[in-house]
Amino acid sequence: MTSIARLRDFVVRFTVLHERGLDRAALQQEGAGLLRSLVAQDDWLPEEFAQPHPERYSQYLLHCDPLERFSVVSFVWGPGQKTPLHDHRVWGLIGMLRGRESETQFTRDTDGRFRVGETSYLEPGEVALLAPGVNDYHQVANALTDRTSISIHVYGDNIGGVSRATYDPETGAEKNFISGYSSAVVPNLWDRSKNKGAD
């Protein structure tokens, strides 16, 4: 039976880390270590937050800080699914839990057009960082064509409520959006009556 204790411990530790008042770079560096520990084990994500959608990737909210200082989500990718080119406008951490993910970076020129950059890959247990003004424009995809991939993301805001944009990489034209979430509920982190002895 899945034990959500690892996710609960991560949320508690990340909250404590946030309370230290670190700058963005230090928070991301230390937070990356916490996320790396979380995605090192693939035995804690409830099945209802690991389900792919047949037509598009899913973004399930796992936790949002009560003050919306950070949020934790599972991104579930069906075979070959990908995002459009987009931004975040907040810092982020991406941890690979299951499968394989590709990330293609883009650089925006002064005329608003984009130049395609390098493509990198995340394997289970690995963590990547992103920050506005550094590497905030990218396209992400499930690098596997025959099975689901899942990544765990931490953002410096309630990412489902942040106004962001997708872009046409050739013209630079942008379209604003607020992503919301694929689920109407979050995991119950605080009920310790289940899996007695495992939590």
- Item | CZ (Arg164) with more than 12 external heavy atoms under 6.0 Å | yes
- Short side-chain to backbone donor-acceptor contact, Arg113 and Thr171, under 3.5 Å: no
- Task: Report the relative orientation of the aromatic rings in Phe70 and His63; use parallel for angles under 30°, tilted for 30 to 60°, perpendicular for over 60°.
- Result: tilted
- Donor-acceptor pair, side chain of Asn188 and main chain of Trp190, under 3.5 angstrom: yes
- Check whether any side-chain heavy atom of Phe75 sits under 4.5 Å from a side-chain heavy atom of Ile150, and report yes or no. no
- Item | Side chain Asp168, main chain Glu170, donor-acceptor under 3.5 Å | yes
- Message: Using the rule that Ile, Leu, Val, Met, Phe, Trp and Tyr join whenever any side-chain heavy atoms are under 4.5 Å apart, tell me whether Phe14 and Ile4 fall into a single cluster.
- Response: yes
- Message: Under 3.5 Å, is there a donor on one side chain and an acceptor on the other for Ser179 and Gln59?
- Response: yes
- So does Glu118 have more than 12 non-hydrogen atoms from other groups sitting under 6.0 Å from CD? no
- Task: Taking all non-hydrogen atoms of both residues into account, name the closest pair between Pro124 and Gly99 and its distance.
- Result: CD-O, 3.2 Å
- Message: Is there a side-chain contact between Ile94 and His138 in this structure, where contact means two heavy atoms from C-beta onward sitting under 4.5 Å apart?
- Response: yes
- Pairwise distance OG(Ser3) to CZ(Arg8) - rounded to 0.5 angstrom: 7.0 Å
- What is the ring orientation for His88 with His86, classed by angle as parallel under 30°, tilted 30 to 60°, or perpendicular over 60°? perpendicular
- When every non-hydrogen atom of Glu30 is compared with those of Leu22, the smallest separation belongs to OE2-CD1, 3.9 Å
- At what distance, to the nearest 0.5 angstrom, does CD of Gln29 lie from CG of Asp23? 10.0 Å
- Is there a path from Leu7 to Val185 through hydrophobic residues (I, L, V, M, F, W, Y) whose side chains come within less than 4.5 Å of each other? yes
- Query: Distance only, no hydrogens: is a donor on one side chain within 3.5 Å (strictly under) of an acceptor on the other, for Tyr57 and Asn142?
  - Reply: no
- Please assess Tyr181 against Tyr60 for the test ring pair (Phe, Tyr, Trp, His ring centres under 6.0 Å), listing each intermediate value before the final yes or no. CA-CA 6 Å; Tyr181 295 107; Tyr60 296 106; 9.6 Å; no
- Applying salt bridge (charged side-chain N to carboxylate O under 4.0 Å, His left out), run through Glu174 and Arg108 and close with a yes or a no. CA-CA 12 Å; Glu174 65 182 80; Arg108 196 169 200 187; 3.7 Å; yes
- Query: Which value, rounded to the nearest 0.5 Å, describes the distance between Asp42 atom CG and Leu97 atom CG?
  - Reply: 4.0 Å
- Item | Residues that Gln81 engages under side chain to side chain donor-acceptor pair (under 3.5 Å), provided they are two or more places apart | none
- Message: Whether Arg115 engages the ring of Phe106 as a cation-pi pair (distance to the six-membered ring centre under 6.0 angstrom, angle to the ring normal within 45°) should be assessed.
- Response: no
- So, for Pro187 and Leu62, which heavy atoms are closest and what is the spacing to 0.1 Å? CD-O, 3.4 Å
- Query: Does CZ in Arg56 sit with more than 12 non-hydrogen atoms of other residues, nucleotides or ligands closer than 6.0 Å?
  - Reply: no
- Would you say Trp77 and Thr148 make side-chain contact, with heavy atoms under 4.5 Å? no
- Message: Working to the nearest 0.5 angstrom, can you tell me the gap between Ser74 OG and Gln51 CD?
- Response: 10.0 Å
- Query: Could you go step by step and tell me if Ser149 and Glu101 meet the side chain to side chain donor-acceptor pair (under 3.5 Å) rule?
  - Reply: CA-CA 7 Å; Ser149 290; Glu101 191 173 283; over 6 Å; no
- Item | Residue pair Gln139 / Thr83, side-chain donor-acceptor N/O under 3.5 Å | no
- Message: Restricting to non-hydrogen atoms, name the atom on Ala131 and the atom on Gln28 that form the minimum distance, rounded to 0.1 Å.
- Response: CB-OE1, 4.1 Å
- Query: Is there a donor-acceptor pair closer than 3.5 Å between any side-chain N or O of Gln41 and the backbone N or O of Ser37?
  - Reply: no
- Item | Flag side-chain contact, heavy atom, 4.5 Å: Tyr155 against Trp91 | no
- Check which hydrophobic residues are tied to Leu144 through side-chain heavy-atom contacts below 4.5 Å, counting indirect links as well, and list them. none
- Message: Testing the basics here: between Ala50 and Leu45, what is the closest heavy-atom pair and its distance to 0.1 Å?
- Response: CB-CD2, 3.8 Å
- Message: Is any side-chain heavy atom of Ser71 closer than 4.5 Å to one of Leu61?
- Response: yes
- Run the numbers on Glu19 and Arg69 for salt bridge (charged side-chain N to carboxylate O under 4.0 Å, His left out), then give the verdict. CA-CA 10 Å; Glu19 291 293 326; Arg69 297 172 297 180; 2.7 Å; yes
- Item | From Leu122 atom CG to Arg100 atom CZ, the distance as rounded to the nearest 0.5 Å | 9.5 Å
- Note on the structure: Heavy-atom nearest pair, Gly31 first then Leu17, reads N-CD2, 3.5 Å
- Query: Are Val162 and Tyr167 in one and the same hydrophobic cluster, where Ile, Leu, Val, Met, Phe, Trp and Tyr link if side-chain heavy atoms are under 4.5 Å apart?
  - Reply: no
- Message: Going by side chain to side chain contact (heavy atoms under 4.5 Å, CB included), Leu93 matches just one of Leu129, Leu27, Leu130, Val72. Which one?
- Response: Leu129
- Task: Check whether any side-chain heavy atom of Trp44 sits under 4.5 Å from a side-chain heavy atom of Asp9, and report yes or no.
- Result: no
- Pairwise side-chain contact, Arg6 with Leu38, heavy-atom cut-off 4.5 Å (strictly under): yes
- Gap separating the OG1 atom of Thr166 from the CZ atom of Phe177, nearest 0.5 angstrom: 6.5 Å
